[in-house]
2 protein chains.
Amino acid sequence: MIQRSVRCPVAATLDLVGDRWTLLVVRDLLRGRLRFSELRASIEGIPPAILSHRLKALEAAGVVVRRAYSEHPPRSEYVLTAKGHRLGVVVGALANWGEQFAESDLALVDNQCGHGVNVIYHCPTCERTAPRSRVRIVGANAR
Amino acid sequence: MIQRSVRCPVAATLDLVGDRWTLLVVRDLLRGRLRFSELRASIEGIPPAILSHRLKALEAAGVVVRRAYSEHPPRSEYVLTAKGHRLGVVVGALANWGEQFAESDLALVDNQCGHGVNVIYHCPTCERTAPRSRVRIVGANAR
DNA sequence: CGTAGTCAGTTCAGATATTGAACTGTACTC
DNA sequence: GAGTACAGTTCAATATCTGAACTGACTACG
């Protein structure tokens, strides 16, 4: 995955996660640490070479950490870093959107109340949510 | 883009937008209708063949509508549908994440207060936001 | 009229990435 | 010792992407 656009944060993020598989790896790691074989089993149809590539890229980007759980047959498991956990919002937004078109058997829930959550806009200054209709993308030499 | 996973809403969404360019098209169309040449100019480095493919896919998915603004040299412009506008949250989440690692010259702002907004989790039942640490992905045969 | 330019793409050949299938090496289990 | 699990790697075939050039329909200028 080649770095193309340093300027736009969207494009910069897509340089890392802009493919069919990477965010599925993140999706599954959001549940907790997983081994290669577990990821392979839970991401339907992923070729092992791709999984290997993606894990290396995510590790290089600081999204995932590889941890050895056995030395002598070298075995490792993968865990999201804090940076990686922040990608959960992206996965959640994709899930919310997809839920409207495919029947959902996956949901984001608030641990405390047990209800399903959405991903929405929020103004941290005013401490209130912002409806989609009120949000604009702006930028100086925006891109 | 081949449909692989009907089951998981994340994977289903990535079947459409899981590549380096598609969400950049959405990003720019969030500002309003654009012509082919305008999209081409604003998405740095996109080959016209790719842009053409992506617009067709987005149109087929009901995310974008093509509108003729001239008949006789056939000329069209592209507009997001309501469905497409809902992808703004995904773009916003990517932007938020990217902003932490690349200097930002693009932001989401609330039209009313003018402040920058984030993309966060929200429980519509309890009508409150949910911190990332409290949100889990759950699912029956979740994937 | 003739030349140049714009616009919305298409075409094409070469480069790159993805795919599925098979394979490797280490170790554990029976 | 045979079979299995795990964590990947290797490879050839295929698919996709890329950049560059090209169409075809018009408009603008002189």
I'd like a table of atom pairs between the protein and nucleotides 26-28 of chain D - only N or O on both sides, under 3.5 Å - with the distance next to each one.
from: D:dC26; atom 1: OP1; to: B:His72; atom 2: O; distance (Å): 2.8
from: D:dC26; atom 1: OP1; to: B:His72; atom 2: ND1; distance (Å): 3.3

* Whole angstrom is fine here: how far is it from OH in B:Tyr78 over to P in C:dA8? => 8 Å
* Structure fact -> What one should report as the nearest heavy-atom pair of A:Tyr121 and B:Val89 is OH-N, 3.2 Å
* Asked: Between the side chain of B:Asn111 and the main-chain N/O of A:Val135, is any donor-acceptor distance below 3.5 Å?
  -> no
* Asked: Would you find a donor on one side and an acceptor on the other, under 3.5 Å apart, between the side chain of B:Ser76 and the backbone of B:Arg67?
  -> no
* To do: Among D:dG8, C:dG9, C:dC7, find the nucleotide with the atom closest to the side chain of B:Ser37.
  => C:dC7
* Asked: Tell me: CD1 of A:Ile46 to C1' of C:dT19, nearest whole Å?
  -> 12 Å
* Asked: Between C:dT6 atom P and B:Leu39 atom CG, what is the distance in whole Å?
  -> 18 Å
* To do: Compare side-chain N and O positions of B:Arg40 against OP1 and OP2 of D:dG19 and report whether any pair is under 4.0 Å apart.
  => no
* Short question: side chain of B:Asn96, backbone of B:Val119 - any donor-acceptor pair under 3.5 Å? -> yes
* Could you tell me the separation between the CD1 atom of A:Ile50 and the P atom of D:dT14, rounded to a whole number of Å? => 17 Å
Show me the donor-acceptor pairs, under 3.5 Å and distance only, between side chains in residues 123-130 of chain A and residues at least two apart or in other chains.
from: A:Arg128; atom 1: NH1; to: B:Gln112; atom 2: OE1; distance (Å): 3.3
from: A:Arg128; atom 1: NH2; to: B:Asp110; atom 2: OD2; distance (Å): 3.4
from: A:Arg128; atom 1: NH2; to: B:Gln112; atom 2: OE1; distance (Å): 3.4

* Closer than 4.0 Å, any side-chain N/O of A:Ser52 to the OP1 or OP2 of D:dG8? -> no
* To do: Report the distance from atom CG of B:Asp15 to atom P of D:dT16, rounded to the nearest whole Å.
  => 13 Å
* Asked: Is the number of heavy atoms from other residues, nucleotides or ligands within 6.0 Å of NE2 (B:His115) greater than 12?
  -> yes
* What residues, two or more places apart in sequence or in another chain, satisfy side-chain hydrogen bond (donor to acceptor under 3.5 Å, both in side chains) together with B:Tyr78? -> B:Arg66
* What pairs with A:Arg132 under salt bridge (Lys or Arg N to Asp or Glu O under 4.0 Å), at least two apart in sequence or on another chain? -> none
* To do: Round to the nearest Å and state the distance from A:Lys56 atom NZ to D:dA7 atom P.
  => 14 Å
* B:Trp21 has a side chain; which of D:dC17, C:dG9, D:dT18 sits nearest to it? -> D:dT18
* Structure fact -> Bend of the helix from C:dC1-D:dG30 to C:dC30-D:dG1 from end-axis comparison, five pairs per end, nearest 10°, comes to 0°
* Asked: A:Ser76 side chain: which of D:dG8, C:dG20, C:dG9 is closest?
  -> D:dG8
* Asked: How do A:Ala49 and B:Ala49 order along DNA chain C: which one's closest nucleotide is nearer the 5' end?
  -> B:Ala49
* To do: Look at A:Arg54 and C:dT18 and indicate whether a side-chain polar atom (N or O) is within less than 4.0 Å of OP1 or OP2.
  => yes
* Might you confirm whether atom NE2 of A:His53 has over 12 heavy atoms from other residues, nucleotides or ligands at distances under 6.0 Å? => no
* B:Arg33 CZ - C:dC7 P separation (whole Å) -> 17 Å
* To do: Mind checking A:Ser70 for me? I need base, sugar-phosphate or nothing, with any heavy atom below 4.0 Å counting as a touch.
  => nothing
* **Nearest listed nucleotide, side chain of B:Tyr69, among C:dG9, D:dA7, C:dA8** => C:dA8
* Quick one: list whatever passes side chain to side chain contact (heavy atoms under 4.5 Å, CB included) with B:Ser37, sequence neighbours left out. => B:Arg35
* To do: Nearest whole angstrom, please: distance from the P of C:dT10 to the NE2 of B:His53.
  => 8 Å
